[in-house]
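Here is the structure we will look at, set down as structure tokens.
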Amino acid sequence: MIVAGNFKANMTRKSTAAYLEKLEQYITEKETTPQVMIFPPATALDSLKGKILVGAQNAYPAQNGAFTGETALEQLEEFGIDTILIGHSERRHVLGESQEAIAQKYAFYKEQGFTIVYCIGEPLEIREEGNDVLMAYLDAQLVGIDLSYEKLVIAYEPVWAIGTGLTPSNSDIELLHTALRHKIEKPLLYGGSVKVNNAAEIMALDNVDGVLVGGASLDVDGFFSMVEDAQKCDS
Ligand code: 13P
């Protein structure tokens with residue numbers, strides 16, 4: 001199981017360091033087995049790491065260069081970061097990243113040997129069009145992505161479930177993950193309004209290999225309780 005937390009533009013360098021220290025202590029004391037990943041804001045990427053995989057929420061596909069406002073490989077390397085989130089719905093829909101730009105980013109960080117958590121997910125109007133339209137939409141988000149990459153993790157996050165408190169039914173999650181499993185033999189995370197009170201049931205579903213948690217990851221005690229839920233699925 002994998003339990004990943006995406007802080008988005010929340011938390012500071014200081015609060016992230018305190019959070020990671022506490023989480024690391026929990027993981028070590030309880031000897032938990034799930035892989036834990038945290039994606040803090042870029043300013044906090046130099047925070048403590050041990051068993052926790054700390055990753056970048058985004059980076060530019062270049063060693064360095066004239067890319068104002070971006071973080072590139074050189075800056076990640078300085079902090080020993082080798083994990084990255086690519087294709088998140090907020091980058092696609094709020095920041096306007098195209099599939100082409102996302103695929104370039106993917107190819108670059110794959111070439112660098114990064115662990116890549118690659119996100120896909122549909123808006124509500126697509127889901128309402130039925131299963132064929134939904135799967136075609138998700139397929140389009142996989143264009144240009146090498147699905148055989150050994151360090152790939154897929155996160156399925158329906159756009160309408162992110163930050164809304166809404167989730168697909170457990171059977172819808174299971175159906176979708178099972179359909180994805182036929183195409184992609186990689187760990188499949190579910191994301192979108194995962195909370196302390198639904199994480200265990202979601203992780204117990206077939207073909208769900210973990211969760212990608214936004215808002216509810218900001219509370220370290222709650223996040224650790226989801227790691228403990230994942231542990232039960234591992235055993
Ligand atoms: P929420 O858990 O806040 O819905 O966010 C999900 C997400 O976007 C994680 O990447």
Side-chain angles (χ1 to χ4, degrees), residues 1-11 15-16 19-20 23 34-42 44-45 52-59 71 81 83-97 102 105-106 109 114-124 126-127 137-138 141-142 145 152-170 172-173 176-177 180 186-203 205 208-230:
M1 282 281 150
I2 297 173
V3 184
N6 175 10
F7 287 179
K8 310 188 179 187
N10 296 296
M11 308 274 272
S15 63
T16 300
Y19 180 110
L20 290 178
L23 185 58
Q35 174 68 66
V36 174
M37 298 183 184
I38 294 289
F39 296 89
L45 284 175
I52 302 167
L53 217 50
V54 175
Q57 294 175 18
N58 175 50
T71 301
I81 301 294
T83 303
I84 187 168
L85 202 59
I86 293 181
H88 191 277
S89 109
E90 284 143 20
R91 298 218 53 92
R92 291 178 190 270
H93 301 289
V94 183
L95 284 308
E97 273 185 22
I102 289 168
K105 204 170 272 191
Y106 183 89
Y109 283 99
F114 273 50
T115 295
I116 299 177
V117 178
Y118 184 77
C119 306
I120 57 174
E122 82 293 350
L124 191 55
I126 296 294
R127 178 165 279 256
Y137 188 90
L138 297 181
Q141 293 185 323
L142 296 170
I145 304 302
L152 168 62
V153 175
I154 296 281
Y156 168 63
E157 300 201 297
V159 179
W160 53 276
I162 296 178
T164 58
L166 302 171
T167 57
S169 66
N170 287 343
D172 280 348
I173 294 174
L176 197 287
H177 274 241
L180 289 175
K186 299 291 166 188
L188 299 174
L189 312 186
Y190 169 79
S193 294
V194 175
K195 309 280 179 210
V196 170
N197 60 10
N198 64 9
E201 61 191 66
I202 292 173
M203 286 190 281
L205 299 172
V208 174
D209 304 307
V211 284
L212 176 56
V213 188
S217 72
L218 301 175
D219 169 46
V220 68
D221 296 314
F223 186 79
F224 186 67
S225 121
M226 296 187 244
V227 176
E228 289 187 304
D229 290 337

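Just so we're clear, the structure is a prediction, and the values are computed from it rather than from any experiment. Counting convention: from 1, in listed order, for ligands and their atoms alike. Numbers here are sequence positions counted from 1.
A distance-only check finds a donor-acceptor pair linking the side chain of Gln57 to the backbone of Pro40 [under 3.5 Å]. A donor-acceptor contact shorter than 3.5 Å is absent between the side chain of Ser15 and the backbone of Met11. The backbone N or O of Ala199 sits nowhere less than 3.5 Å from a side-chain atom of Asp229 that would complete a donor-acceptor pair.
Within ligand 1, the atoms closer than 4.0 Å to a non-hydrogen atom of Ala161 are 4 (O), numbered from 1 in the order shown. Of all atoms in ligand 1, listed by their number and element, those nearer than 4.0 Å to a heavy atom of Glu157 are 6 (C), 7 (C), 8 (O), 9 (C), 10 (O). Short contacts between ligand 1 and Lys8, defined as distances under 4.0 Å to a heavy atom of the residue, involve ligand atoms 5 (O), 6 (C), 7 (C), 8 (O). Atoms of ligand 1 found under 4.0 Å from any heavy atom of Gly215, numbered from 1 in the order shown, are 1 (P), 2 (O), 3 (O). Using a 4.0 Å cut-off to heavy atoms of Ser193, the atoms of ligand 1 that qualify are 1 (P), 2 (O), 4 (O). Ligand-side atoms of ligand 1 in range of Gly192: 4 (O), 6 (C), range being under 4.0 angstrom from any heavy atom.
Between Arg127 and Glu122 there is a salt bridge, since a side-chain N of the basic residue sits under 4.0 Å from a carboxylate O of the acidic one.
In this structure, CG on Leu142 lies 9.5 Å from OH on Tyr106, to the nearest 0.5 angstrom.
Using modelled atom types and a 3.5 Å distance limit, the side chains of His88 and Glu97 yield no donor-acceptor pair.
Ranked by closest heavy atom to atom 2 (O) of ligand 1, the top entry among Ala216, Gly214, Ala155 is Gly214.
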Apply side-chain contact (heavy atoms from CB on, under 4.5 Å) to Cys119 and Leu85, showing your working.
-> CA-CA 7 Å; Cys119 306; Leu85 202 59; 4.0 Å; yes
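For atom 4 (O) of ligand 1, the closest non-hydrogen atom on the protein side is Gly163 N, 2.6 Å.
Counting heavy atoms closer than 4.0 Å to ligand 1, residue Ile162 contributes atoms from both its backbone and its side chain.
Taking any N or O of His88, backbone or side chain, at least one lies under 3.5 Å from an N or O belonging to ligand 1.
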